[in-house]
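Note that these values count all heavy atoms, side chains included, but never hydrogens, waters or copies made by symmetry.
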Amino acid sequence: MVKNAVTAFEVYLEKALHEALGSTLTMDGKEHTIKLATPPKFESPGWKTLVTAHKVLGTDVETAEVTWARELRHLLTHQNGVLRSEGALERFRDLDAEGDQDEISRARIGGKVPLGAPRVLKILDSLATVIRTADEPA
């Protein structure tokens, strides 16, 4: 669910920008036309392009929560959720969520990142907050 939510978040940000394509914006007395740069052999712009384009519209879509969720998606996708290092353990551990778990269920190097319903809902809520902020200017 987290992997799909982060991907849907990025797709939504792109679609919002496409709605604004060709629109002329006046900022600081200058007119700007939004066009998305797309890398060769790709159909969608890269993350940095999305971030920059939304920044032009006055929205920060690269919050700490979004950065963390995108890194978590990478871990879930490319490492099957396995915490391979002390750094990954520190980055993705949620001590509050582990308080009532036995030792074997807690996050550890070589174990999988723990995702419970409250944690997933928190991730989804943080993505939704950014979307709501980005919607108005787009």
Side-chain angles (χ1 to χ4, degrees):
M1 176 180 268
V2 171
K3 293 189 298 186
N4 288 339
V6 173
T7 300
F9 168 80
E10 292 173 348
V11 169
Y12 188 91
L13 291 177
E14 179 184 350
K15 286 185 177 190
L17 290 171
H18 280 297
E19 285 186 19
L21 281 173
S23 300
T24 303
L25 302 173
T26 303
M27 294 178 66
D28 300 327
K30 296 180 183 175
E31 287 191 2
H32 303 274
T33 301
I34 298 173
K35 294 184 180 181
L36 295 177
T38 304
K41 299 182 183 179
F42 286 88
E43 294 183 21
S44 293
W47 174 246
K48 290 298 178 189
T49 299
L50 294 177
V51 170
T52 302
H54 277 280
K55 198 169 281 189
V56 167
L57 294 176
T59 305
D60 178 14
V61 298
E62 195 172 37
T63 64
E65 293 87 0
V66 167
T67 299
W68 185 87
R70 293 183 76 245
E71 290 172 1
L72 176 60
R73 180 196 47 196
H74 180 85
L75 179 100
L76 293 169
T77 302
H78 299 287
Q79 294 175 223
N80 199 26
V82 175
L83 299 165
R84 295 183 181 172
S85 67
E86 188 67 37
L89 179 62
E90 289 176 22
R91 182 83 172 127
F92 298 108
R93 174 173 243 167
D94 184 349
L95 292 173
D96 293 334
E98 293 180 27
D100 61 348
Q101 294 180 340
D102 59 21
E103 190 63 34
I104 197 77
S105 300
R106 292 185 183 155
R108 65 189 186 291
I109 295 175
K112 291 198 175 195
V113 65
L115 293 174
R119 194 168 200 199
V120 170
L121 290 174
K122 184 178 176 183
I123 294 166
L124 298 178
D125 285 344
S126 68
L127 297 175
T129 297
V130 172
I131 290 294
R132 282 191 295 276
T133 304
D135 266 348
E136 188 176 337

Least distance between heavy atoms, [X] atom then [Y] atom:
X      : Y      : answer
Leu36  : Ala53  : CD2-CB, 3.9 Å
Arg119 : Trp68  : NH2-CZ2, 3.2 Å
Leu89  : Arg108 : CD1-N, 3.6 Å
Ala134 : Leu13  : CB-CD2, 4.1 Å
Ala5   : Leu124 : CB-CD2, 3.2 Å
Val2   : Ile123 : CG2-CD1, 4.2 Å

Taking side chain as C-beta onward, heavy atoms only, is [X] less than 4.5 Å from [Y]?
X     : Y      : result
Glu65 : Asp125 : no
Val61 : Val66  : no
Glu62 : Leu50  : no
Val6  : Leu72  : no

Would you please name every residue forming a side-chain hydrogen bond (donor to acceptor under 3.5 Å, both in side chains) with Ser44, sequence neighbours left out?
Glu14
Arg70: partners by side-chain hydrogen bond (donor to acceptor under 3.5 Å, both in side chains), with sequence neighbours left out
Glu10
Does any pair with a residue in residues 129-138 pass side chain to side chain donor-acceptor pair (under 3.5 Å), and if so which ones, sequence neighbours excluded?
Tyr12-Asp135, Thr129-Arg132
With rounding to the nearest 0.5 angstrom, report the NZ to NE2 distance, Lys3 to His78.
9.0 Å
To the nearest 0.5 Å, what is the distance between CG (Leu76) and CG (Asn4)?
10.5 Å
